[in-house]
Every structure is written in C-alpha cells, then in structure tokens.
Amino acid sequence: MAYNFKEVEEKWQKKWEDEGTFNAKDDYTLPKWFGLIEFPYPSGQGLHVGHPRSYTALDIIARKKRMQGYNVLYPIGFDAFGLPAENYAIKNHIHPKITTEQNVNHFRQQLKSLGFSFDWSREINTTDPNYYKWTQWIFIQLYKKGLAYKATMPINFCTGCKVGLANEEVVNGVCERCGSPVVQKEKSQWMLKITEYAQRLIDDLDDIDFLDKIKAQQKNWIGRSEGAEVNFKIKGTEDNLLIYTTRPDTIFGATYMVVAPEHPLIEKYKDKIENLEEVNKYKQKAATKSDFERSELNKEKTGVEIKGLKAINPVSNEEIPIWISDYVLITYGTGAIMAVPAHDERDFEFAKKFNLPIKQVIKEDINDNKERTSQEKLEIEFNALFDNPDGIEKPYTDIENGISINSGFLDGLKTKDAIKKIIDYIEENKLGERKVNYKLRDWVFSRQRYWGEPIPMIYCEDCGWVPVPEEELPLKLPDIEDYEPGENGESPLAKQTEWIKTKCPHCGKEARRETDTMPQWAGSSWYYLRYMDPHNDKEFASKEALEYWSPVDWYNGGMEHTTLHLLYSRFWHKFLYDIGKVPTKEPYQKRTSHGMILGGNGEKMSKSKGNVINPDDIVKEFGADSFRVYEMFMGPFDQTAPWSMESIRGCSKFLDRVWSMQEILVDGDTYSKEFESMMHKAIKKVTNDVEEMKFNTCVSTFMTMVNEFTKAKKINRAEYKTFLQLLNPFAPHMTEEIWSRIGEKTEIAKTLWPSYDETKTIDDEIEIPVQVNGKLKATVKVAKDVEQEEIDKIVDENEVIAKAIEGKTVVKRIYVKGKIYNIVIK
RNA sequence: GCCGAUGUGGCGGAAUUGGCAGACGCACAUGACUCAAAAUCAUGCGGGAAACCAUGUGGGUUCGAGUCCCACCAUCGGUACCA
C-alpha cells in the first residue's frame, strides 16, 4: 500500500476548491487573523522555488490558526502591471493583457498544485480596472491634499528601459531591473510627498512588530539627522550663505565653505566672481557626470575656489573662502556647508589636497569614564601639548568624548552640551535655527510606459492640472499595438492622440490627458486593503470590513522590499488614515522575512548558471507535501539556504514512513504511558515553534516521533491522530488522506488544534549530568523532584565520580534542580 | 567607512537562552533481504590508542560559556562624499 501522492494531492485539492474550505468567513464576531504574503508578479518563467518558501510558512501558520479557532484571511492575488510584460510585448507584438492572463493562469495552477490554503474567492489583480479604479482614486486623494505634485527636476533616467526611476530603483548607478546605466535627466514628473511622512514613518515603527533589521534598514533609508542651519554673511553683500551642519559646535573651526556645483549663489554673483570661467568649467564638468560617477570608489576630491567671494563666520567674524566642489550635494540640506577639516573626514581630505588651514576646536576628553591604559593617557596628553593642527593625521570626529577648545564661549564643554549651547546662541542671535534633515527623497511617481495604471489627470491650459472626476474612474488603459516608447522617452500613450484628447472637467475647454503611467509600486501599496472586501464597487473596502480585518496581523516577504514596497505602502496607509479611510495608523502589525533559496552550488539561482530549480519538476517527482516539508526543513527560515536534491529525498522518505505507520496502528483513546510525555512535549514544541517560524525544528520533532513509534512498532489511535494534526499544516494532503483512511469523518483541517498539559511534559525520572570542575564525568538517573541531600548520596555512590574526586578536596557541590550537578574540587 | 546578519562534523543544521555540544536530515560505511541492483530495514558515523581536545581567532567573567563581556578575523546583505 504505497503512497500515491499524485492521486491523493489532486483529490484533496479538488475538494478544497469545490467546497471553498479555506475561504474566510464574513462573520465579524469571530476572532480574526489576517496573514499576508507578497502577491507575485506573474512572470513568464512561472513560480520560482523562492515563492513557496514564504507561502508555505504563512500557510502553515494560517492552517494552525484556523485549527485554533480563528477566522483566517489568507488571500492571494497578482501584481501584474510591470515592465517585463511590456518588454515582451514590444519584442513579440503580443498585448501584455494576453501574456499577463496566460501567466496568471499558469501561476494559479502552480499555486494550487502546492496546496496553499488561499481564499481564492478573493483573488485580486492590479491590472483589473475594477481594482486600479481605486489605485487611481487614491492618487486623486493624494493630489487633492497636495501630496502629489508635478515637478521638473533632474530624475534618474534608465537608458535601457527609457524610463524615469525612483531613487530606490537605482542600484550602484544602474537600473535595478535591467542593469543599464542610469543618467540624470530633466523631466516633468509626478511626485509624491513621502518626505512629509518621514518622521512618522520612523516614529511609528516603535508600535509595530517588525524584525529589528527591517526597522534598522528603514530608519537608515529615511536617514534622519539633527543639526542646525546657519547663515554665513557673504562679504560685501546683504546676502547670506545658508548651510546645514550636524556639528554646529565646531563652527569656530570652519576654515572654508563649500557649495554644490548647482548652487544658485554662483549665478547670482557671477559679476563678483573673479575666476568665473574656471568656476563655470568646473560646473559643466560636474553636470555631465552621473550620480554613479560622482560617488565612484571614493574618488579624489576636486574643487575650485570662488575668488572674489568671501564668507564671514558669524561667531568668530573671521573671513573665510568659498569653494565649489561636487562632494557637496545640491539635493541634501541647503547644498552648502561650512567645512571643518579638523573634525570631518571629507573636509579634512579636501583641505589637505588644497592646502587649506585646519583648525582644531575639539580635543579628546581624558577625564571621561572610558578606561584607558596609562600609555594611552600619555599619548593623549602628549598630543594635546603639541597644539599643532597641521600635524593632525586624521580628523577627530568622536561625538561622545570630545571637549571644545579654541571656541570662545564653548571652551571646556562636552560636545553634546556644546551643540546645545551653540544652537541656542544661533537662535537667540537670529543666525539660523535648529533643523532636522532626512535623506529620504520624494517619490518619483511617473513612468513613461504603457503597462501601468494611467495617471488620472488632465491638463487644461486655463485651469492647469485637474483630476479626472471620480465618477469617471476607472480611467481605462486604452488598447494599443505600438508599445515602443515615444520620442525623447515619452510614454507610448503620448502617441494615442484620440485618447489624449478630452475636455477639462473644470471649464469644459479642450484639454489633454496625462500620458505617463504609475510605477509598479502603486498597485501593491494598498492591495492588502482590497482583500478585506474585494468585490465592493462602491468603496475600496467597506468600513465594517476594514474595521474587522485591520491591521494585517502578519506579513511575510523579502528583504529587498524593505525600502521600496514596504515604505511606500506604509506611506499610503498613513495618508488613508489621515483622511479617515482606514482605522489604523499602520498597515502591518508584524513583518518577517524569509531567506533566499540558492542553487545547489551555493550561488544565486540564475538561468545563466544553470542552477534553477523548477517547482513543477519537484512536485511531479516528490509531491507537494515533500516539497513543502523540505522547504521548511532546509534551514532557519530567515536565512539563505542552498537547494539540495538529496535532502528533499530524505523528506520524501520521512513522509513515506508517516504513511507506513498506518500498519502499526493499535487501539487507544488516550496516549499510552510510554509516549505520553513525548506527545505533550511535541505539541508544546510545535505550537510554539510555528509561532516563532522555527519550522525546521518542527520537522525534526516529527522525524524523531516517527523514529520512536517505528522503533516501538506501534502507535495508538490517539497518538496517531495528534501526530497527524500537528503535521497537517506542513503536509496537508497526506495527513487528510490518512485521517480519512483511519475512519475519521470530519476533515482534519476542521478539527481543533491539540492541546498539551505542562505538567506532563516533564518526565518522572530524569538523567542528570554530573560534572567535576565543569567537566562531564557521568550521568545519574533520579526522580524529577529529587532534593540535594538525596542526589549527593546517589552521586557519591557512583564509581566514576568517586574515582575522579579521589584524593582531592571537595570545595563545593552545585545542584541545579533538574539540570545539572557539579562538584568543585581542589 | 557606517548599519545589520552570520561563523558549530564531509554537508544542511540542533542546543529548553548560561547547564550532557553535534538533535534531526543528507552523504558515507557495514550488515539483513535479493541471483543481482534499486528500494526498504538494522547498526555505526567530530578528532584521538587514551588521558583528553574540539563551536572563526585571542583574552576575560563563571562552579560551568557555542551562548555573556572585551579585542580581532572572515563571509554575506544593506548603504554610502547625506555635512
């Protein structure tokens, strides 16, 4: 009676589908649990073995939650707008709608073959007009609140995709998607003001349960820094040069200023600049460089002094030169800095190269609490004696242990206090103000592409930009045949003259439609909300559904989406919260991440390396259950793991042994004495480990149990039933089949999750390791609640121990109840 | 450089969070079954003859350290003239 996985898996999958076994209930009185995985982009390659790692993990949790009595929402959909479909269309002249549909069908069939307990009745697709109607609607709300605006600005332009990219999509100066170089290009783009939410995106992380590394990465990306903006007078004018610094305490050490090449100062004072030609030449050179070239490999500092212009240090009144250099970025802060070479590495490098003065204004505090050897103290004293900044070998940048010197009224203050005092001084004297800056940039939201949501905006010569009236949504993407980007990187839609022509909703005059489309991140920024009420045609979801299902209880996905999708959707959600459309501040209560699956050779799977594993092949050869169990067993869920064909065979073998246990089944309504504590321990372990995503140890627990039962050549009914219930979320098909074969009427998925009794997880008789001076010498068997006196006697009777302590003095005996016994001898 | 991980047998990895290091699986070896092979089952499997030695390296704390502390090294991921 060998196990026929093909037959069994098809049988149960059909039943689940016909009966909608896993559909969420609309009963809002039940306790709910909303588990979410990142919906896939339906690529032509089909499902990758990486997808099921995440899907199986949450499927296991979802199945367990159902058995624990929750009303579970575990939905699926397709994020189907995007470049690959469009590029394929350009090449093969097949409409992306067609390929997308084919791919979705393929994906759906693949996902079903893996037995995921998705609620298929709620399947969504971002390219469905009934879906993107609401994506467009959200955009219009953003526009109405001033959070969407059109701006002409240098954008990242991918030379391959011929499309503008968000900062997040540029990796090492090349396009994240196609690898082509990215250049700067001036283009009028729709922008979303994510920067307005920067602080809240940081602060609210405190209230949610994201992995620490995800929080850290988001905070890094947002890049908050505290400091001050300070005005430096430009000599001989009424004008000021406004700079941003995080170290205003070093202001007495500012020996020169630097402005970015694009800084307006140069244009404004071109008449005063003595070496304008030289300066302009430098500007031009900087302009032709891409961001990548500018930051490439810590290149040498370059720059030119702006002769004829001088700045006045507002606290010391010293006159200092102004330089132009591309190490200062126009996009951050004010595009200008005060340079303090003694206490900033970049300024130091620049000053060294151009022989600019270096003035030390911070020294290391040797009276702090830091432990130092006398040698180190001497060195510090010695260095201090030589107050010879030119001899400084490297700038002192430590913010914790510094003390101000040569800084007038700041002298003697610790860096932190000095910062406070100088900012107060700056503000009192109206020289500038406290200022927080973020690295986060606004989100470039326009794509000059076809296969995306049309941006629902109309341009009228008289009224400017006007949104498409909401009752006209969805603004459908027209069917076209020519997907090639237009002239100058215009959207293919720019060629659809009929579609473009429209009337201004405001004044009725002839007007034209926006031809750019939204980025792929748009549809995925709110999709979890649609799952709550996917067929609603009045709202994106009803208030009741939102109240009941929000927030997503557990969201699992890849680390690569931490600074893109995850940040964008938190931003949209917060906006929807602000306009009263969603009930929670945050979309996702908990976020975890899965590790990547590598090829058998330990390298990233890729076609060119020929190490790609196709899930279909695995399912065909071993079945979905083996595939699922293996993916959970292969290693810690959050870490990368190489694929191994040998190991999956081992998992398949394990399942065969589970199947074979039917042959050693004996009667019994309660656990046998022999296995009682093992059963309770196992229930406890699996119940807890699933919650902590330690799936690999769950599987090894199952294997150990099978070993025990097989060795005993028997398993009673009560034990088998519990075992099958625990295993069910991992191997749903086989466990259902055995369940019905042993005569159970209700499906296992509809049974109650087993419970355990804490007192029964402890054995009556335990083995205590006995150490001498911390080294293991023997083990003794004792009753679980044995007292010290008693165990002392038992240990003394042990021959090995007696030999080990023979002739030595026993200093101490340590017994940690139930754990260990240690004798300290001299 | 900065931020975040990780480092344990031939391999993937366990270790109740300070208490028997190597669970479980793979690979391998031997045996049973078989004419034979595969499958299956059984046994063994860090090093060392042993005392002992072993969790990236070197120190430390502790009765006791893979786990805690200090200083390094290596690998991976993120990020980078962000003032």
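Since this is a predicted model, take the numbers as computed values, not measurements. The sequence lines fix the lettering, A, B, ..., with proteins before strands; numbering per chain opens at 1.
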### Message
Can you check the distance between C2(B) and G48(B), where both ends of the measurement are the P atom (answer in whole Å)?
### Response
43 Å
### Task
Could you tell me the separation between the CZ atom of Phe633(A) and the P atom of C24(B), rounded to a whole number of Å?
10 Å
### Message
Taking the minimum atom-to-atom distance to the side chain of Leu329(A), which one of A27(B), A21(B), A83(B) wins?
### Response
A83(B)
### Task
Have a look at Asn707(A) and say if it touches a base, only the backbone sugar-phosphate, or nothing, with a 4.0 Å heavy-atom cut-off.
sugar-phosphate
### Query
Just checking Asp638(A): base, sugar-phosphate only, or nothing, at a heavy-atom cut-off of under 4.0 Å?
nothing
### Query
Please give, in whole Å, the distance from G19(B) P to Gln771(A) CD?
11 Å
### Message
Does either side chain, that of His594(A) or that of Asn556(A), offer a donor lying less than 3.5 Å from an acceptor on the other one?
### Response
yes
### Message
Applying a 4.0 Å non-hydrogen cut-off, can you work out what Gly333(A) is touching in the nucleic acid: base, sugar-phosphate, or nothing?
### Response
nothing
### Query
In the strands shown, is C26(B) matched to any nucleotide by a Watson-Crick or G-U wobble pair with both distances under 3.5 Å, and which?
G10(B)
### Query
Base, sugar-phosphate, or nothing: which does Gln217(A) touch, judged by heavy atoms less than 4.0 Å apart?
sugar-phosphate
### From C20(B), U6(B), A83(B), nucleotide with atom closest to Glu767(A) side chain
C20(B)
### Message
Quick test of your reading of the model: are Lys817(A) and Glu787(A) salt-bridged, counting only N-O distances below 4.0 Å?
### Response
yes
#### Entry: Whole-Å distance separating the NZ atom of Lys711(A) from the P atom of C24(B)
9 Å
#### Entry: Ion pair check, Asp763(A) and Lys681(A), cut-off under 4.0 Å
yes
### Task
Give Arg657(A) one of three labels, base, sugar-phosphate or nothing, depending on what nucleic acid heavy atoms sit under 4.0 Å from its own.
sugar-phosphate
### Query
So do Leu655(A) and Tyr3(A) actually touch side chain to side chain, heavy atoms under 4.5 Å?
no
### Query
When you look at Glu349(A) and Lys301(A), which way does the salt bridge (Lys or Arg N to Asp or Glu O under 4.0 Å) test go after all the steps?
CA-CA 7 Å; Glu349(A) 201 188 314; Lys301(A) 296 268 182 298; 3.5 Å; yes
### Query
Which part of the nucleic acid, if any, lies within contact of Thr710(A), taking any heavy atom under 4.0 Å across all strands shown: a base, the sugar-phosphate backbone alone, or nothing?
nothing
### Query
For Thr697(A), which contact category applies under a 4.0 Å heavy-atom criterion: base, sugar-phosphate, or nothing?
sugar-phosphate
### Message
Need the glycosidic conformation of U30(B): syn if within 90° of 0, anti if not. Which one?
### Response
anti
### A37(B) versus U55(B) - spacing of their P atoms, nearest Å
42 Å
### Query
Just checking Lys777(A): base, sugar-phosphate only, or nothing, at a heavy-atom cut-off of under 4.0 Å?
sugar-phosphate
### Task
Answer yes or no: is there an ion pair linking Arg591(A) with Glu38(A), defined by an N-O contact shorter than 4.0 Å?
yes
### Query
Expressed in angstrom and rounded to an integer, what is the separation of Phe232(A) atom CZ from A83(B) atom P?
16 Å
### Task
Figure out the CD1/P separation between Ile597(A) and G12(B), and round it to whole Å.
16 Å
### Message
In whole Å, I'd like the distance from the CG atom of Leu598(A) to the C1' atom of G77(B).
### Response
12 Å
#### Entry: Sugar-phosphate only, base, or nothing, as touched by Lys653(A) at under 4.0 Å among non-hydrogen atoms
sugar-phosphate
### Message
Regarding Lys775(A), tell me which of base, sugar-phosphate or nothing describes its non-hydrogen contacts under 4.0 Å with the strands shown.
### Response
sugar-phosphate
#### Entry: Whole-Å gap separating P (G1(B)) and CZ (Phe348(A))
17 Å
### Query
Of the nucleotides U40(B), A83(B), C63(B), which one has an atom closest to the side chain of Val328(A)?
A83(B)
### Query
Hey, is the side chain of Lys213(A) pairing donor to acceptor with the base of C3(B) inside 3.5 Å?
no
### Query
So, for Tyr327(A) and Phe350(A), is the gap between ring centers shorter than 6.0 Å?
yes
### Atom-pair distance (CD1 on Ile399(A); P on A83(B)), nearest Å
11 Å
### Message
Is there a side-chain contact between Ser225(A) and the phosphate of A83(B), meaning an N or O under 4.0 Å from OP1 or OP2?
### Response
yes
### Task
With C1' as the reference atom in both, quote the distance from G44(B) to A36(B) in angstrom, rounded to an integer.
25 Å
### Glycosidic class, syn or anti, of G9(B) using a 90° window around 0
syn
